[in-house]
Amino acid sequence: YSFDVGPIHIIGFSTEVYFYTQYGLQLISEQYNWLEQDLKEANKPENRKQRPWIITMGHRPMYCSNTDHDDCTKHESRVYGLRCKNNFSVSVYGQLDQVRMGFSTYPGLEDL
C-alpha cells in the first residue's frame, strides 16, 4: 500500500514474500510490479515537487551490514535496485532490532 501525507509519499510492502517462496513466486512478481509502478508515479516531476520525500517501510531489511547469518545475509534483496533507481529518501525496517544509518552503497550513488 502507499499513501501521501503532506510532503511525504509513504510505501509499505511485504518483505516476507521473499523468504517464503513456497507460497508462490506470483506474490513476488505482483508486488514488484506494483512497487515499480507506484514509484514511477511518485517520481514524476510534478509529484516529486509536491512530495519530495519517499519513505519505504517493511519488516525485514533489504540489506544489512552485520554477519549474523540471518535474513539479508542469506537473501539478496529483489527490491534494492528499485530503491537506488528511484532515490528513496528513507527506508525503515524492523527485523534486526538495530539502527543503521549511512550513505548509499549502490554503485554511482556514493556521493549523494
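These numbers were taken from a predicted model, which means no experiment stands behind them.
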Open item on the list: Return the NZ to CZ distance between Lys44 and Arg48, rounded to the nearest 0.5 Å.
Closed with: 14.5 Å
- [ ] Hey, could you give me the CG/CD1 distance between Asp38 and Ile54, rounded to the nearest 0.5 Å?
- [x] 8.5 Å
- [ ] Please assess Ser2 against Trp34 for the test side chain to side chain contact (heavy atoms under 4.5 Å, CB included), listing each intermediate value before the final yes or no.
- [x] CA-CA 10 Å; Ser2 68; Trp34 170 83; 4.0 Å; yes
TODO: Would you check if Asn47 and His9 make a side-chain contact, meaning some heavy-atom pair closer than 4.5 Å?
DONE: no
Task: Ile55 vs Ile11 side-chain heavy atoms within contact, under 4.5 Å - done: no
Open item on the list: Give me the atom names and distance for the closest heavy-atom approach of Gly58 to Thr15.
Closed with: CA-CG2, 4.1 Å
- [ ] Would you sort out whether Arg51 and Ile8 count as a side chain to side chain contact (heavy atoms under 4.5 Å, CB included), showing the intermediate values?
- [x] CA-CA 5 Å; Arg51 288 172 292 284; Ile8 305 168; over 6 Å; no
Task: side chain to side chain contact (heavy atoms under 4.5 Å, CB included) assessment of Phe13 paired with Thr56 - done: CA-CA 8 Å; Phe13 64 95; Thr56 61; 4.0 Å; yes
Open item on the list: Would the distance check show the side chain of Gln31 and the main-chain N or O of Ser14 forming a donor-acceptor pair, the cut-off being under 3.5 Å?
Closed with: yes
Open item on the list: Would Asp4 and Ile10 count as a side chain to side chain contact (heavy atoms under 4.5 Å, CB included) here? Give the steps.
Closed with: CA-CA 6 Å; Asp4 300 321; Ile10 300 171; over 6 Å; no
